[in-house]
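First the structure, in the form of structure tokens, and then the observations on it.
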Amino acid sequence: MEQKKLKILIIGSGGREHAVGWKVAQSHRAGQIFFAPGNGGTQNLGVNVDIKATDIKRLLEFAKKEKIDLTLALPDDPLALGIVDEFMKQGLRIWGPTREAAELEWSKAFSKNFMRRHNLPTAKFEIFNNFEKAKAYAEARKMPIVIKASGLALGKGVIIAQTREEAVEALENMMIKKIFGASGEEVVIEEFMEGPEISIHAFSDGKSCKIFPASQDHKKIGENDTGPNTGGVGAIAPLPFVDKELFEIIENTIVAPAIKGLASDNTPFVGILYPGLMLTKDGPKLLEFNARFGDPEAQVYMRLMETDLLDVVNASIDGDLENQEIKWRNTNKQYCACNIVLCSAGYPGNYQKGKIISGIEEAEMQPDIVVFHAGTKTENGKLVTNGGRVLGVSAISNTLEEALKKAYKAIEKISFEGMQYRKDIGQKALGHSSSTGEALSLK
Ligand code: AMP
Ligand code: GLY
């Protein structure tokens, strides 16, 4: 019997939301799709609704009025505000962690204590609410040292202090000047770690989990990882240097015990658990937990995932992940994907909006290319820039080199005033290994 088509609401407005919407639209269960607030790309997949991702009250009203069957809560802010709890209280079906389960992301202090309690590998740390005590502790440590605002700070709340002066300045900024508001009143001070950084994602239903191939984000705006941090300007998956053995260590010492720990703490985690890891010489260690899909990681994952996303989401909500097979694109050879983010001039600092964008259709006419919108909107019938991260150009191929080549070739078709992007996405990963993609972490 044909299953009922679902009316879907996707919350958020970035490249991640466009990519998830793109995948959802291919589902055998997808009916009408709404995006709140969406962007210039999501309007081609469904209907953009002018409600902010953090306006839980209006989102609830909308979901009830439209009789939405399933809501996907993707960004961190609404999760931290408890959107999942509020929807569930009203009997609405929503996918994502509760506010308590998402605390792993919105409080670094909570997250570090969780790691300690469940013996998960991470940097040594202490937590402070008192400036003088934090200062005394920091001054007594070996430099560099890492200082983190405990709360959400748009990816800007982590300072790597090379000297004692820098450490004290960071603590003053967070705890006295309160440049991150309440997010910096509590700080984590932790040991500096070194090694390549990778992103892990796993679907969880609260009891069990299904882990994705490993991916890597590129957080700095400049080539060779220079310049300020951004939300993420390029992603690749899977990673040539994460072999089966390392992948199993990550699964067995980090992901599975984290899901178990959350369940035993009475905060079962439903949604995507996304640990950020550093591959240190002593093994993989946790940098942080996120309680959602990464952006731009979601874009490469959506290109690689073969299984119907709504089947997995439903299994995750219903506690039935164990019986849900998840297939990654793999014909006679596996696939690799990349997503390269085109940014506005000035990003991640101040940037202008409203620049006319051209060439997306030509780019998408090239083989294996999908362009995901992030900061775009339509104005007087024209597509214009509307954010720092404007577009993500994604490509798939049997090797990472080929995927990157295709994406960079497609980018040549696209233009807007001030467009900037990194030319070296994936290069560091390729340098780690001469592997072209066969012996990787896809299972
Ligand atoms: P987080 O938000 O905790 O992931 O930190 C943001 C970035 O700061 C990470 O992607 C790392 O590049 C860096 N970082 C965080 N913690 C450490 C650490 N203990 N040692 C070295 N770098 C770190
Ligand atoms: N890719 C970084 C993030 O989504 O937090």
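Order of listing sets the numbers, starting from 1, for every ligand and every atom in it. In what follows, residues are counted from 1 in the order of the sequence shown. This structure is a prediction, so every number in the text was calculated from the model and none was measured.
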Can you find a side-chain donor-acceptor pair between Trp95 and Thr71 that sits under 3.5 Å?
no

Taking atom types as modelled and ignoring hydrogens, do the side chains of Lys219 and Thr230 form a donor-acceptor contact shorter than 3.5 angstrom?
no

To check your reading of the model: name the closest protein heavy atom to atom 23 (C) of ligand 1, its residue, and the distance in Å.
Leu287 CD2, 3.7 Å

Is there a heavy atom of Lys108 sitting under 4.0 angstrom from any atom of ligand 1?
yes

Side chain, backbone, both or neither: Lys219 near ligand 1, heavy atoms under 4.0 Å
side chain

Only heavy atoms of Phe192, strictly under 4.0 Å: list the atoms of ligand 1 that pass.
20 (N), 21 (C)

Do Arg116 and Phe114 form a cation-pi contact, if we require the NZ or CZ to be under 6.0 Å from the six-membered ring centre and within 45 degrees of the ring's axis?
no

Taking NZ, NE, NH1 and NH2 as the nitrogens, is one of them in Arg99 or Asp85 under 4.0 Å from a carboxylate oxygen of the other?
no

Should the pair Asp225-Arg422 be classified as a salt bridge under the 4.0 Å nitrogen-to-oxygen rule?
yes

Hey, does the Lys NZ or Arg CZ of Lys135 hover above the aromatic six-ring of Tyr137, less than 6.0 Å from the centre and inside 45° of the axis?
no

Test Glu190 against every option in Lys148, Lys124, Arg141 by the salt bridge (Lys or Arg N to Asp or Glu O under 4.0 Å) rule and name the one that passes.
Lys148

The atoms of ligand 1 lying under 4.0 Å from a heavy atom of Glu190, numbered in the order shown, are 16 (N), 17 (C), 18 (C), 19 (N)

Taking side-chain contact (heavy atoms from CB on, under 4.5 Å) as the criterion, tell me which of Ile211, Ile259, Val255 meets it with Ser204.
Ile259

The closest protein heavy-atom partner of atom 1 (P) of ligand 1 is Glu288 OE1, 3.5 Å

Are there any N/O pairs under 3.5 Å between ligand 2 and the protein, and if so, what are their distances?
unit_1	atom_1	unit_2	atom_2	d
ligand 2	1 (N)	Asp217	OD2	2.8
ligand 2	1 (N)	Tyr274	OH	3.3
ligand 2	1 (N)	Asp295	O	3.1
ligand 2	1 (N)	Glu297	OE1	2.7
ligand 2	1 (N)	Glu297	OE2	3.3
ligand 2	4 (O)	Arg292	NH1	3.0
ligand 2	4 (O)	Asp295	N	3.0
ligand 2	5 (O)	Arg292	NH2	2.8

Considering only the protein, which heavy-atom contact is closest to atom 13 (C) of ligand 1, and what is its distance?
Ile160 CD1, 4.1 Å

Tell me the contacting part of Asn229 for ligand 1: side chain, backbone, both, or neither, using a 4.0 Å heavy-atom threshold, strictly below.
neither

A student comparing Asp225, Ile159, Val158 should find that the heavy atom closest to atom 6 (C) of ligand 1 comes from Val158

Among protein heavy atoms, which lies nearest atom 18 (C) of ligand 1, and at what distance?
Val146 CG2, 3.5 Å

Pairing of Asp265 and Arg117 as salt bridge, 4.0 angstrom limit
yes

Just checking, Arg16 and Phe372: is the charged tip under 6.0 Å from the six-membered ring centre and within 45° of the axis?
no

Closest approach of Cys209 to Ala202 (non-hydrogen atoms, all atoms of both residues):
CB-CB, 4.3 Å

Closest to atom 10 (O) of ligand 1 among protein heavy atoms sits Glu197 OE1, 2.6 Å

Looking only at non-hydrogen atoms, the one of Met193, Lys148, Glu105, Lys156 nearest atom 20 (N) of ligand 1 is Met193

Please determine if Lys178 and Glu185 form a salt bridge, counting it only when a charged side-chain N lies under 4.0 Å from a carboxylate O.
yes

